[in-house]
Amino acid sequence: MMCDICGCAGGTDHFHVAAGKQVEVMRSMLHNNDHQAAHNRQHFDAARVLTVNLMSSPGAGKTSLLEATILALKGRLTVAVIEGDLKTENDANRIRAAGAQAVQITTGSACHLDATMVHAALHHLDLRPVDILFIENVGNLVCPACFDLGQHRNVVLLSVTEGDDKPEKYPVMFRAAELMIVTKLDLMAAVGDFDPTKAKRHLRNLANAAPVIDLSARSGIGMDSWIDWLMQQRALCLEPANA
Amino acid sequence: MKSALHSTKPVHELSICQAVLRQVLAVAAEQSARRISMITLHIGPLAGVEPDLVRLAFPLLAAGTTCEGATIWIETLPVQVRCRICATTSEVPLNRLLCADCGTWQVDIVSGDQLLLARVELLDETAES
C-alpha cells in the first residue's frame with residue numbers, strides 16, 4: 001500500500017492515508033516577514049536610503065566599523081543606524097557619540113531582527129536627511145540570515161580572532177553575504193594562524209562570488225575600499241533623484 | 001515606545017513556527033475547516049532551519065488552536081547545484097557547493113534552500129466522528 005501523500009511505500013512514522021481535504025499552499029514559511037520586508041524596501045527606495053544589514057558573531061567589530069564609517073563619511077553622507085541587541089543601549093549610545101542618529105531595538109531573548117521590528121524602529125527615525133542606513137543585527141551567525149529585513153545589501157563581518165573556517169561552519173550565514181569584511185586585521189600578527197586566503201576560499205566553496213575586504217577600523221586599513229563599495233552600492237541600488 | 005521595539009521570541013525556529021501557524025490558521029479559516037490534521041513543510045539544509053526544532057516547537061504554539069494535534073510532516077530536500085561551466089547537476093554537502101564534476105564554485109543552487117509551507121490537510125468535525 002502506498003502513502004497517499006507522497007507516494008512512498010509507507011511504514012514507520014510517516015505512513016499516512018489522506019483522510020481530509022488537501023490544500024496546496026506552496027508559499028514561503030516566512031511569507032508574512034517577506035511581505036513586511038518588501039514594504040520596508042519600498043520605504044527605503046522612496047526615501048533614497050541605501051540600507052545595509054550588518055551581520056557577524058558577537059564582538060566581531062560591527063559597532064567599531066560603524067563608528068569609523070560615520071567618521072569617514074562626515075561632511076559627505078549622512079548615516080543612521082538601527083541597533084539590534086538583546087539588552088542595553090550601549091551600542092546606540094556609541095553611534096550617537098560618533099555623531100549619527102541611532103535607534104536601539106532591544107530584542108530581549110530574541111536572537112535576530114525581523115522585518116516587523118525594523119518597521120517599528122523606522123517610526124523613530126527621520127529618514128529624510130539620511131543617505132545610508134545600517135542595520136546592526138544581533139551578534140549571531142545562525143538566525144539573522146533567515147530573515148529578510150528589507151535591506152539592499154547583506155554584509156557579513158569575520159574577525160581574525162574567530163578563525164578562517166567560519167564560512168565552512170556557518171554556510172547559511174556566509175552564503176547570504178554580498179560583501180565579506182575580514183575585521184581586526186591589526187591583530188593578525190598576534191593571532192598568528194588566520195589566513196585571509198583560506199577564509200576567502202571557504203567563502204567561494206559556498207558558491208559565493210561576493211567581494212572580500214580586509215580591514216582594520218582601528219588602523220584604517222581597508223576603510224577606503226569599504227567606503228568605495230558603499231558608494232558603488234548607492235549608485236547600483238538607488239534610482240537617480242530625477243529619474 | 002520601548003514595548004513596540006521589544007520582542008520576546010527566543011530561538012528562530014519558534015518565530016518560524018509562529019509564522020507557519022498564522023498561515024495555516026488563515027487557510028483553515030478560508031476553507032471553513034474545523035481541524036487541521038497534517039501540515040507538510042519543505043525544508044532544505046541551506047534554509048538554516050532545524051526540522052527537529054520545528055517538530056518540537058510547533059505543538060507548543062498549536063495548543064488550543066485548530067492545529068492542535070496536527071502531524072508535522074517535513075520533507076528534507078537534498079542540496080543540489082548546477083554547474084555554469086559544464087552544466088552538470090550534482091548533490092553536494094551544504095558547505096561545499098562545488099561542481100562534483102569539474103570542481104568550480106561557479107554553480108547555481110537548484111535545491112537545498114527551500115523553506116516552504118507545501119500543503120495542509122483539513123478535516124471537518126463530521127469526517128472525524
Side-chain angles (χ1 to χ4, degrees), chain A residues 4-6 13-14 16 18-34 82 84 103-114 116-117 120-121 123-124 140 142-147 165 167-176 201-209, chain B residues 1-2 4-13 15-17 19-20 22-24 27-28 30-31 33 35-38 40-43 45-49 54 71 73 75 81 93-99 104-109 113-124 127-128:
Chain A
D4 289 353
I5 301 296
C6 65
D13 57 333
H14 141 234
H16 181 94
K21 182 180 176 187
Q22 304 290 320
V23 179
E24 288 282 320
V25 185
M26 293 308 274
R27 201 162 55 194
S28 167
M29 285 160 64
L30 289 172
H31 177 75
N32 294 324
N33 184 74
D34 294 348
I82 295 175
V103 179
Q104 180 81 48
I105 304 178
T106 44
T107 60
S109 53
C111 43
H112 61 271
L113 297 179
D114 66 27
T116 307
M117 293 183 216
H123 290 151
H124 303 282
N140 177 347
V142 183
C143 323
C146 299
F147 296 85
D165 61 347
E168 191 178 26
K169 288 180 175 166
Y170 297 92
V172 176
M173 171 60 71
F174 283 91
R175 206 170 75 79
R201 195 170 66 232
H202 286 307
L203 184 71
R204 296 292 174 255
N205 285 349
L206 304 175
N208 191 338
Chain B
M1 161 174 170
K2 198 106 191 182
L5 300 183
H6 193 91
S7 148
T8 51
K9 289 173 263 176
V11 303
H12 72 294
E13 278 80 2
S15 322
I16 284 164
C17 286
V20 170
R22 205 176 304 138
Q23 289 192 67
V24 173
V27 171
E30 252 166 51
Q31 305 274 336
R35 206 163 81 75
I36 290 106
S37 49
M38 180 153 160
T40 305
L41 307 175
H42 292 179
I43 301 180
L46 289 169
V49 173
V54 170
T71 303
W73 174 245
E75 286 178 31
V81 297
L94 79 163
N95 54 9
R96 296 211 124 237
L97 305 178
L98 308 174
C99 175
T104 182
W105 54 268
Q106 310 260 359
V107 298
D108 295 308
I109 313 293
D113 57 358
Q114 299 91 336
L115 189 63
L116 285 178
L117 168 58
R119 76 185 73 85
V120 294
E121 185 190 87
L122 309 169
L123 287 184
D124 277 338
E128 217 185 330

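Chain identifiers are assigned alphabetically (A, B, ...) following the order of the sequence lines, protein sequences preceding nucleic acid strands; residue numbering begins at 1 within each chain. This is a predicted model, so every value here is computed, not measured. Heavy-atom basis, side chains included; hydrogens, waters and symmetry copies ignored.
Looking at B/P45, only its backbone comes within 4.5 Å of chain A, counting heavy atoms on both sides. Using a 4.5 Å cut-off between heavy atoms, A/F174 makes no contact with chain B at all. Of the two parts of A/A209, the backbone and the side chain both hold a non-hydrogen atom closer than 4.5 Å to a non-hydrogen atom of chain B. When heavy atoms are compared at a cutoff of 4.5 Å, B/V27 approaches chain A solely by way of its side chain, counted from C-beta outward. B/Q106 does not touch chain A: none of its heavy atoms, backbone or side chain, sits under 4.5 Å away. Only the backbone of A/N208 comes within less than 4.5 Å of a heavy atom of chain B; no side-chain atom from C-beta onward does. At a 4.5 Å heavy-atom cutoff, A/A145 makes no contact with chain B through either its backbone or its side chain. Of the two parts of B/I36, neither the backbone nor the side chain holds a non-hydrogen atom closer than 4.5 Å to a non-hydrogen atom of chain A.
Comparing B/C17, B/A33, B/A19 by how many heavy-atom pairs each has under 4.5 Å with chain A, the most go to B/A19. Ranked by heavy-atom pairs under 4.5 Å with chain A, the first of B/V120, B/V24, B/V20 is B/V120.
Every side chain to side chain donor-acceptor pair (under 3.5 Å) that A/E24 has, sequence neighbours left out, goes to B/R119. For B/D113, the side-chain contact (heavy atoms from CB on, under 4.5 Å) test picks out A/R175, B/L46, B/I109, with sequence neighbours left out.
Between the side chain of B/Q23 and the backbone N or O of A/N32, no donor-acceptor pair lies under 3.5 Å. Formation of a donor-acceptor pair under 3.5 Å by the B/T71 side chain with backbone atoms of B/W73 is not found in this model. Judged purely by atom type and a 3.5 angstrom limit, B/E75 has no side-chain atom pairing as donor or acceptor with the backbone of B/T40.
Atoms SG and CE, from A/C146 and A/M173 in turn, are 8.0 Å apart once rounded to the nearest 0.5 Å.
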Could you check A/V142 against B/H12 for side-chain contact (heavy atoms from CB on, under 4.5 Å), going step by step and ending with a plain yes or no?
CA-CA 9 Å; A/V142 183; B/H12 72 294; 4.1 Å; yes
